[in-house]
Amino acid sequence: MELRQRFPRTANRASQGPVNSEKPRLVVATRNAHKAEEIRQMIGDRFEVLDATAFPDLPEVEETGTTFLENATLKALAVSREVGGLVLSDDSGLEVDALDGRPGVWSSSFGGDEGNHAKNNERMMREMKGVEERAARFRCVMVLARDGEVVADFSGAVEGRILDGPQGEGGFGYDPLFAPEGHDESFAELGSEVKNGMSHRGRALAQVTAWLEQGA
Ligand code: ITT
């Protein structure tokens, strides 16, 4: 199937958003600039990737789900009711075995303050101090929606371990504390190209683009 067939020029109820490109447009239902940037790095050559900041009137989405899929679905549907064309959401987080899978879907508010990465990392170090079992994984669920309906969902994960202390300046969130399997360096040290090539987000997104390019 032609890539463009996945992107019919649907009439838009609320907002068309900026139109700057001949590439097929994908609206990413996120206000997290780091996620949007990683997605842009990975597929920006093939898609015009807009994020929620391009649509100032979008409602705030309450993430009331208890699974990545539930929250990804809430975000994709909420944005796709307002914005025409294909909408992609990303719900992601870090699961730590020694913490029984926490913080998981609550990763962004683990430290007490939504989106405060420094506090999240401080709490992670506190809870993992002296803990021998350090296995963890990043998980990402992506949902594609169009016209207020779910089209498909995808997931990706990367195994690794929690480091004793932060290493490196790159990336975002828990990246300085997470070393992927086979590496002593953290995601923050490895840099975006290496991270994107093996990350939970990269793996989920590879399925999304394969789906978009091949047809269901
Ligand atoms: P949106 O809901 O607007 O997309 P958010 O940051 O609130 O943004 P989530 O609810 O999915 O998104 O929470 C994801 C959190 O998981 C994020 O804030 C980080 O704490 C962590 N996280 C996810 N992916 C990560 C990555 O690649 N590197 C480091 N931390 C990550």
Side-chain angles (χ1 to χ4, degrees), residues 26-42 49-55 58-80 87-96 99 101-125 136-143 145 153-163 166-180 183 185-205:
L26 196 57
V27 176
V28 183
T30 184
R31 288 195 164 85
N32 181 325
H34 300 283
K35 280 185 188 178
E37 183 50 30
E38 286 188 358
I39 292 170
R40 229 170 252 122
Q41 284 168 358
M42 289 187 269
V49 178
L50 300 182
D51 60 54
T53 59
F55 304 88
L58 284 178
E60 212 37 73
V61 183
E62 265 207 77
E63 296 186 36
T64 52
T66 56
T67 64
F68 293 118
L69 180 59
E70 282 171 9
N71 284 337
T73 302
L74 286 171
K75 290 188 270 194
L77 288 180
V79 172
S80 133
V87 170
L88 177 72
S89 67
D90 165 322
D91 202 65
S92 44
L94 182 62
E95 296 174 346
V96 181
L99 305 180
R102 285 183 302 131
V105 290
W106 295 282
S107 291
S108 72
S109 55
F110 192 46
D113 252 354
E114 175 72 36
N116 187 326
H117 301 308
K119 283 193 171 178
N120 292 340
N121 283 330
E122 273 167 33
R123 178 163 181 197
M124 182 59 67
M125 277 190 291
R137 72 207 51 78
F138 274 121
R139 209 177 276 289
C140 174
V141 172
M142 291 185 161
V143 168
D153 64 83
F154 310 85
S155 66
V158 56
E159 298 288 332
R161 67 181 205 286
I162 302 298
L163 296 164
Q167 295 180 194
E169 304 294 326
F172 73 99
Y174 299 94
D175 282 346
L177 286 180
F178 182 86
H183 293 267
E185 302 95 336
S186 71
F187 262 165
E189 292 176 296
L190 288 167
S192 58
E193 207 168 314
V194 176
K195 178 185 175 186
N196 291 341
M198 66 170 78
S199 77
H200 51 315
R201 183 161 299 107
R203 287 175 175 161
L205 195 59

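All ligand and atom numbering here is 1-based and tracks the order in the structure.
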Under a 4.0 angstrom heavy-atom cut-off, which atoms of ligand 1 come close to G173? 29 (C), 30 (N)

Taking only heavy atoms of D91 into account, list the atoms of ligand 1 that are under 4.0 Å away from them. 9 (P), 10 (O), 11 (O)

Report yes if some N/O of R31 lies less than 3.5 Å from some N/O of ligand 1; otherwise report no. yes

What's the shortest distance from atom 7 (O) of ligand 1 to any protein heavy atom, and which residue and atom give it? E114 OE2, 3.7 Å

Would you mind checking which non-hydrogen protein atom is closest to atom 20 (O) of ligand 1, with the distance to 0.1 Å? Y174 CE1, 3.2 Å

Quick test: of every protein heavy atom, which one is nearest to atom 6 (O) of ligand 1, and how far off is it to 0.1 Å? N32 ND2, 2.9 Å

Distance (rounded to the nearest 0.5 Å) between M198 CE and R203 CZ: 7.5 Å

Which value, rounded to the nearest 0.5 Å, describes the distance between S109 atom OG and E114 atom CD? 5.0 Å

So among L99, L94, V96, N121, which one has a side chain to side chain contact (heavy atoms under 4.5 Å, CB included) with F110? L99

Atom 13 (O) of ligand 1: which of S92, S109, G104 has the nearest heavy atom? S92

Selected option - heavy-atom contact closest to atom 12 (O) of ligand 1, from H34, R201, K35: K35

Considering only non-hydrogen protein atoms, determine which one is nearest to atom 10 (O) of ligand 1 and report residue, atom name and distance to 0.1 Å. E63 OE1, 3.0 Å

Nearest 0.5 angstrom please: R137 CZ to F178 CZ, how far? 8.5 Å

For atom 22 (N) of ligand 1, grab the closest protein heavy atom and report residue, atom and distance to one decimal in Å. F138 CE2, 4.0 Å

Which atoms of ligand 1 are found less than 4.0 Å from any heavy atom of D90? 4 (O), 11 (O)

Specify whether Y174 and F138 have parallel, tilted or perpendicular ring planes, treating 30° as the upper limit for parallel and 60° as the lower limit for perpendicular. tilted

Are any of the side-chain nitrogens in D51 or R40 under 4.0 Å away from the carboxylate oxygens of its partner? yes

What is the closest protein heavy atom to atom 4 (O) of ligand 1, and at what distance does it sit? T30 OG1, 2.6 Å

If we number the atoms of ligand 1 from 1 as shown, the ones under 4.0 Å from a heavy atom of D175 are 26 (C), 28 (N), 29 (C)

So which of A29, S108, P103 gets nearest to atom 17 (C) of ligand 1, if we judge by its closest heavy atom? S108

With a 4.5 Å cut-off on side-chain heavy atoms, are T30 and D90 touching? no

Number the atoms of ligand 1 from 1 as they appear, then name those within less than 4.0 Å of a heavy atom of K195, with their elements. 26 (C), 27 (O), 28 (N)

Which residues satisfy the side chain to side chain donor-acceptor pair (under 3.5 Å) test with S107, sequence neighbours excluded? none

